[in-house]
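Read through the structure below, which is laid out as structure tokens, and then see the notes.
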Amino acid sequence: MAYEAYEAANKQAQKAYRAAMNRGDYPYLPALDDFLPYEKTAGEKYIGLVEIPLDLVVGTKTAGRQNSFANNFMPLLGGETEFAYKWSDLHEAQLQEGIRDPIVAYEYMHRFYVMEGNKRVSVLKSLKAAKISAKVTRIIPKKTDDLETKIYYEFMDFYEDTKIYDIWFSQQGSYDKLIRYYGYEPGKVWEEEHRISLRSEFLNFRKIYKAKGGDKINITSGDAFLAYIDIFPAWQLQTNRADEIRENLTKMWDEFLTLAQNKSIKIVLEPQQKEKTTAGRSILNRILSDTSKPLKIAFIYEKSVENSAWNYAHEMGRSHIDQVFGSRVKTSIYEHAEYTDNSEDIIEAAILDGNKIIFTVAAQLANASVKAAVKHPEIKILNCSTNSKYQAIRTYYCRMYESKFLLGVIAGALSETNDIGYMADYPIYSTIANINAYSLGAQMVNPRVKVHLRWRSVKAEKKKDWPESVHIISDKDWIKPEHPTRQYGLYHRFSDGRIENIAASVCHWGKVYELIIRSIMEKTWNTEVEKNKNRALNYWWGISAGVLEIFCSQKLPDGTKILVDMLTESIRRKEFSPFESTWVRQDGELVHDANDRLKPEDISMMNYLASNVEGGIPDLDELKDDVKEFVQLQGGF
């Protein structure tokens with residue numbers, strides 16, 4: 001029987017060998033010493049005796065025995081050799097009592113290379129075993145800016161906390177996200193029962209995911225697992241039947257395909273609308289007017305409309321929808337979706353109420369929105385945020401950096417001290433672009449201007465007062481209806497405490513909602529899907545779409561007003577972009593060459609500040625406790 005097993009393994013080896021040769025690949029096991037000169041490493045660390053996943057054992061440490069095996073670790077030598085007899089004896093021993101002696105292996109970049117025990121590995125791989133006992137020494141790579149190396153350093157920290165080798169990611173930050181999902185902070189050692197739970201849940205998921213064809217998708221099983229537990233709780237992987245997990249995977253399959261795209265996120269800069277003749281528009285209106293049942297649309301708010309300036313602005317947008325579409329739509333609001341369980345229940349309630357379009361009006365509701373959209377693909381769910389990676393929902397937001405640039409122009413022109421202020425909310429990607437645009441606008445008209453940056457979301461002990469030289473400040477864009485204040489938009493702060501408003505940035509949410517609803521009614525929503533298969537669509541509209549503008553005080557000097565109008569029109573016609581010219585980061589690095597506009601993805605994902613900004617991006621531990629989760633969700637630094 002052992003000899004027959006060797007023959008079968010040898011056939012697998014010959015097949016793998018020929019396939020590799022046909023592809024032009026190396027047909028034998030890779031030897032770590034051949035491609036890793038010592039000077040490229042940062043040292044070694046003995047890990048000890050551990051159980052390691054066999055699928056991560058990929059080669060040998062030295063070149064001594066590598067040609068005895070094909071690159072799948074199956075034996076290449078003939079059946080009458082001493083090698084074959086020893087291999088067969090090991091196979092028999094494994095069947096009778098199990099191979100007990102551990103191998104000796106080196107681990108480098110989350111892969112294992114065998115120093116002693118190649119035949120043991122080969123035998124266990126032929127029997128499709130999951131793991132093997134090994135005495136492991138880790139070779140640590142030198143720190144570089146290479147993405148895989150950065151991820152590996154995150155893995156080493158994760159391993160110190162969990163002692164789990166199986167999980168690997170392809171994106172930075174994934175290990176921290178996984179750790180926090182299980183209720184831990186990075187750097188805290190896990191309790192044994194939680195380690196066992198995570199490993200069991202992951203391995204159960206991976207088995208079903210691979211059986212369904214996950215290996216054909218260009219993401220790691222860890223990437224897929226993290227996306228899955230974002231939607232379906234991890235504990236269900238131990239309690240659900242295999243067919244229930246397969247059904248959930250089917251619902252999520254398109255999301256895995258989206259993750260595998262090199263450019264999985266599509267930022268849509270302009271609304272897509274059909275050009276219709278007057279007659280065509282009349283026919284559409286008549287069809288929609290004749291519909292017996294109005295299209296039901298829900299707006300879900302994290303808090304109430306009365307106590308939130310943000311929600312009040314969107315509620316004005318909902319009123320615009322009612323006025324524009326009349327009896328063709330029926331809108332309703334759902335408030336206080338503040339907590340995870342509550343928000344999911346509220347979205348489900350809106351679906352049960354018959355709403356076919358749901359707007360979740362807070363980035364904090366993004367995950368709950370994705371969960372509902374995966375479960376109910378027939379419902380169109382949109383979340384007001386930026387940079388969603390899921391195609392199940394679409395996000396929408398205004399390109400606020402365009403209006404912030406114009407406010408910066410005004411601030412720079414009016415400043416008599418060369419010092420202006422910017423009050424920011426949360427250290428997330430879109431906010432950073434707004435700060436930089438404001439600083440560049442000011443610098444355009446005043447090369448000596450400095451922008452003093454302050455954060456509303458930091459802890460009390462981290463807050464700083466404005467310097468006495470700062471009189472002109474850019475602050476929040478919306479006012480709470482029950483607490484009116486002049487501290488919004490761009491204002492002048494006088495020494496006696498008086499405030500005079502200069503200009504304000506306004507996003508016309510009603511127009512945003514109108515354009516989205518028309519795209520659904522006119523079917524351009526569907527054509528966008530066809531053009532961007534397996535990509536997450538993010539609407540990021542601005543001045544050119546008519547959804548964003550600034551209002552200026554009548555006291556603004558005529559020359560400044562003319563300049564702002566000219567720049568606004570140039571942006572509207574796409575002849576000018578706030579990030580078009582050469583500018584310098586705080587670290588002295590040039591952002592890009594002159595006359596080369598930054599791509600939308602580069603703007604939305606900015607994590608650095610312009611050189612004329614005084615201040616920095618706060619660390620997570622500097623933030624108020626109630627905003628940390630939101631910052632992590634939206635892309636904090």
Side-chain angles (χ1 to χ4, degrees), residues 398-425 429-454 466 469-477 488-493 501-507 540 542-544 548-553 555-586 590-592 594-598 600 602-604 606 608-615:
C398 293
R399 291 199 297 274
M400 301 300 295
Y401 73 84
E402 294 178 345
S403 59
K404 293 297 184 182
F405 172 82
L406 298 171
L407 294 183
V409 169
I410 297 172
L414 298 187
S415 174
E416 298 177 352
T417 64
N418 297 328
D419 291 310
I420 59 177
Y422 190 102
M423 177 63 78
D425 280 323
Y429 289 122
S430 55
T431 299
I432 307 304
N434 296 345
I435 297 166
N436 286 333
Y438 178 79
S439 69
L440 293 176
Q443 196 174 52
M444 172 183 279
V445 294
N446 184 351
R448 295 172 298 280
V449 75
K450 293 291 182 183
V451 177
H452 296 265
L453 176 61
R454 299 292 182 267
W466 296 110
S469 57
V470 172
H471 303 297
I472 297 177
I473 299 169
S474 173
D475 212 313
K476 55 180 174 279
D477 298 306
Y488 73 94
L490 188 71
Y491 60 83
H492 190 292
R493 182 188 65 152
N501 296 105
I502 301 171
S505 172
V506 177
C507 183
W540 203 27
I543 290 173
S544 60
L548 182 65
E549 63 178 318
I550 65 168
F551 292 105
C552 299
S553 165
K555 295 181 180 180
L556 194 67
D558 289 343
T560 304
K561 182 66 168 64
I562 291 170
L563 175 60
V564 170
D565 288 344
M566 289 173 59
L567 288 169
T568 301
E569 188 60 25
S570 294
I571 294 172
R572 187 189 314 281
R573 295 186 179 189
K574 305 175 191 176
E575 297 169 351
F576 172 77
S577 168
F579 295 109
E580 186 169 338
S581 61
T582 299
W583 53 290
V584 182
R585 294 162 39 156
Q586 284 182 333
L590 285 177
V591 175
H592 61 96
N595 301 317
D596 179 23
R597 295 186 182 184
L598 282 179
D602 297 329
I603 297 172
S604 67
M606 278 182 182
Y608 51 84
L609 294 170
S611 60
N612 65 326
V613 176
E614 297 286 336

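Numbers here are sequence positions counted from 1. None of the values given here were measured: they were computed from a predicted structure.
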* Which atom names give the shortest non-hydrogen contact between S439 and N612, and what distance separates them? -> O-ND2, 3.1 Å
* When rounded to the nearest 0.5 angstrom, what distance separates CG in N501 from CG in D475? -> 10.0 Å
* Where the side chain of E614 meets the backbone of K450, is there a donor-acceptor pair that is under 3.5 Å apart? -> no
* Do R454 and I473 have side-chain heavy atoms sitting under 4.5 Å apart? -> no
* To do: Kindly indicate whether the side chain of T568, heavy atoms from C-beta on, has any atom under 4.5 Å from the side chain of E549.
  => no
* **Donor-acceptor contact below 3.5 Å, side chain Q443 vs main chain G408** => no
* Structure fact -> Exactly one of S553, P557, C552 clears side chain to side chain contact (heavy atoms under 4.5 Å, CB included) with K555, and that residue is S553
* Structure fact -> Across all chains, not counting sequence neighbours, the ring pair (Phe, Tyr, Trp, His ring centres under 6.0 Å) partners of Y491 are none
* To do: Measure the acute angle between the ring planes of F405 and F576, then classify it against the limits of 30° and 60° as parallel, tilted or perpendicular.
  => tilted
* Picking from I550, I502, L406, what satisfies side chain to side chain contact (heavy atoms under 4.5 Å, CB included) with L490? -> I502
* To do: Give a yes or no on this: more than 12 heavy atoms of other residues, nucleotides or ligands lie within 6.0 Å of atom CD of E416.
  => no
* To do: For residues A437 and Y401, report the shortest heavy-atom separation together with the two atoms involved.
  => CB-O, 3.2 Å
* Specify the closest pair of heavy atoms between A442 and I420, including all atoms of both residues, with the distance to one decimal. => CB-CD1, 3.6 Å
* Find out whether L590 and V584 are in side-chain contact, i.e. whether some heavy atom of one side chain is under 4.5 Å from a heavy atom of the other. => yes
* Test item: side-chain donor near acceptor, T417 and S469, under 3.5 Å -> no
* Start with the C-alpha distance between L598 and W583, add both sets of side-chain angles, then the distance that settles side-chain contact (heavy atoms from CB on, under 4.5 Å), and finish with yes or no. => CA-CA 11 Å; L598 282 179; W583 53 290; 4.2 Å; yes
* Asked: About how many Å separate OG of S474 and NZ of K404, when rounded to the nearest 0.5 Å?
  -> 4.0 Å
* **Distance, nearest 0.5 Å, that separates CG of D558 from CG of D565** => 10.5 Å
* Does some side-chain heavy atom of D477 sit less than 4.5 Å from a side-chain heavy atom of C507? -> no
* To do: Return yes if some donor-acceptor pair links the side-chain N/O of R493 with the main-chain N/O of V470 below 3.5 Å, else return no.
  => yes
* Just by distance, do the side chain of Y422 and the backbone of N436 share a donor-acceptor pair under 3.5 Å? -> no
* Main-chain N/O of H452 paired with D419 side-chain donor or acceptor, under 3.5 Å -> no
* Below 4.5 Å, heavy atoms only, C-beta onward: do I543 and R399 meet side chain to side chain? -> no
* Passes side-chain contact (heavy atoms from CB on, under 4.5 Å), M400 versus S430? Steps please. -> CA-CA 8 Å; M400 301 300 295; S430 55; over 6 Å; no
* Quick one: does V591's side chain get under 4.5 Å of F579's, heavy atoms only? -> no
* L567 vs M444, side-chain contact (heavy atoms from CB on, under 4.5 Å): CA-CA, chis, key distance, verdict -> CA-CA 11 Å; L567 288 169; M444 172 183 279; 4.2 Å; yes
* Please confirm whether the backbone N or O of A411 pairs with a side-chain atom of S415, one donor and one acceptor, at under 3.5 Å? => no
* Work out which heavy atom in A413 is nearest to a heavy atom in V445; give both atom names and the distance. => N-CG2, 3.4 Å
* Hey, what do you get for CD1 (I435) to CE (M606), rounding to the nearest 0.5 Å? -> 11.0 Å
* Pair V564-I410, side-chain contact (heavy atoms from CB on, under 4.5 Å): steps then yes or no -> CA-CA 8 Å; V564 170; I410 297 172; 3.5 Å; yes
